[in-house]
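Worksheet: one structure, shown below.
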Amino acid sequence: MKQQKIYIIVLTLFIIGILAGCVAGPTKVRLDYKPSIILSDIGSNKNIGVFSFADNREEIDPKAYGTIVKLVTAELPIAYKSDIKTETVITDYITNAFRNELKSLGFQIIDRDVYSRALPFREVVNNLKELELGEVDKIIIGRIRFFRWTEAGFAGALFQGLMPKPRLNAEIQVQVIDHKSMKILWAGSGWALEKSTESFPKNPERENKIKVGLNKALTQIIRNDGFIGSLL
């Protein structure tokens with residue numbers, strides 16, 4: 001009797017594995033961002049030093065672009081999360097996107113090794129005073145408060161409707177600091193929520209939503225009059 005129960009459990013798990021395999025899990029996306037924010041009459045030749053954005057996302061791998069939620073079994077609403085990764089470090093992807101947007105607007109971005117590090121928002125001025133920043137007019141530090149693609153794996157007919165819908169959440173925070181006075185001239189953030197139209201999206205859909213969501217978050221920052229004014 002005991003062996004029969006074990007056999008049934010093993011067979012059930014095997015069937016669940018087959019069903020779960022019917023819906024392919026996410027593969028690595030290709031993160032590619034092209035600058036597209038347009039502003040007129042910037043007319044700036046300011047030198048801007050942009051530090052690498054700090055990754056302040058909680059409980060997610062630096063190379064993870066998102067999370068997939070799966071059920072332990074198709075019969076019980078007990079779920080676990082696992083990271084879905086790309087070969088690109090997310091902070092590099094977002095920092096480079098931000099730098100390239102500023103370059104396309106006419107700002108001179110200073111590219112030195114010192115700017116490859118990420119600085120904390122707290123006591124940032126004290127950290128800056130200890131660094132050789134070079135000939136820059138303004139300094140930008142940023143952090144990724146949230147940047148996560150979330151979707152559900154196959155959960156069976158009973159629980160699939162209760163699983164999270166595929167979506168991207170993003171929130172990016174930025175501070176602009178004057179190099180001479182070391183005063184914070186502007187601080188703000190940009191955010192975005194992009195929902196997928198597919199229950200089981202393929203990579204082109206994921207890639208597009210990630211790119212569009214990041215663009216919306218950066219656009220909210222860059223098109224802010226206070227942000228641009230602090231750089232001029």
Check: [X] side chain, [Y] main-chain N or O, donor-acceptor pair, under 3.5 Å:
X	Y	result
Asn169	Phe147	no
Asn208	Pro204	no
Thr95	Phe53	yes
Gln175	Trp186	no
Thr88	Ile90	no
Asp83	Lys85	no
Tyr115	Leu133	yes

Gap between atom [atom2] of [Y] and atom [atom1] of [X] - 0.5 Å precision:
X	Y	atom1	atom2	value
Leu128	Met182	CG	CE	5.0 Å
Arg99	Ile109	CZ	CD1	8.0 Å
Asn224	Ser189	CG	OG	9.5 Å

| query | Do Arg57 and Asp55 pass the salt bridge (charged side-chain N to carboxylate O under 4.0 Å, His left out) test, and can you show the C-alpha distance, the side-chain angles, and the key distance before you say yes or no? | reply | CA-CA 6 Å; Arg57 300 176 299 167; Asp55 190 347; 2.9 Å; yes

| query | Do we get Arg143 above Phe121's six-membered ring, with its NZ or CZ under 6.0 Å from the centre and within 45° of the axis? | reply |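 Arg143 over Phe121 ring: yes.
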
| said: Assess, by modelled atom type and distance only, whether the side chains of Arg148 and Thr67 contain a donor and an acceptor separated by less than 3.5 Å. | reply: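 Yes.
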
| More than 12 non-hydrogen atoms from neighbouring residues, nucleotides or ligands closer than 6.0 Å to NZ on Lys138, yes or no? |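 Yes.
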
| request: Mark yes when over 12 heavy atoms from residues, nucleotides or ligands other than Asp111 sit less than 6.0 Å from its CG; otherwise mark no. | output: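 12 or below, so no.
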
| task | Determine, step by step, whether Arg167 and Glu151 satisfy the salt bridge (charged side-chain N to carboxylate O under 4.0 Å, His left out) criterion, reporting the C-alpha distance in whole Å, the side-chain angles of both residues, the deciding distance to 0.1 Å, and the verdict. | result | CA-CA 7 Å; Arg167 64 188 184 274; Glu151 69 179 74; over 6 Å; no

| Evaluation steps, ring-ring contact (aromatic ring centres under 6.0 Å, His included), between Tyr65 and Trp149 | CA-CA 6 Å; Tyr65 68 90; Trp149 174 268; 7.5 Å; no

| Does the distance from a Lys or Arg side-chain N to an Asp or Glu carboxylate O, for Asp32 and Arg30, drop under 4.0 Å? |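 So Asp32 pairs with Arg30 through a salt bridge.
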
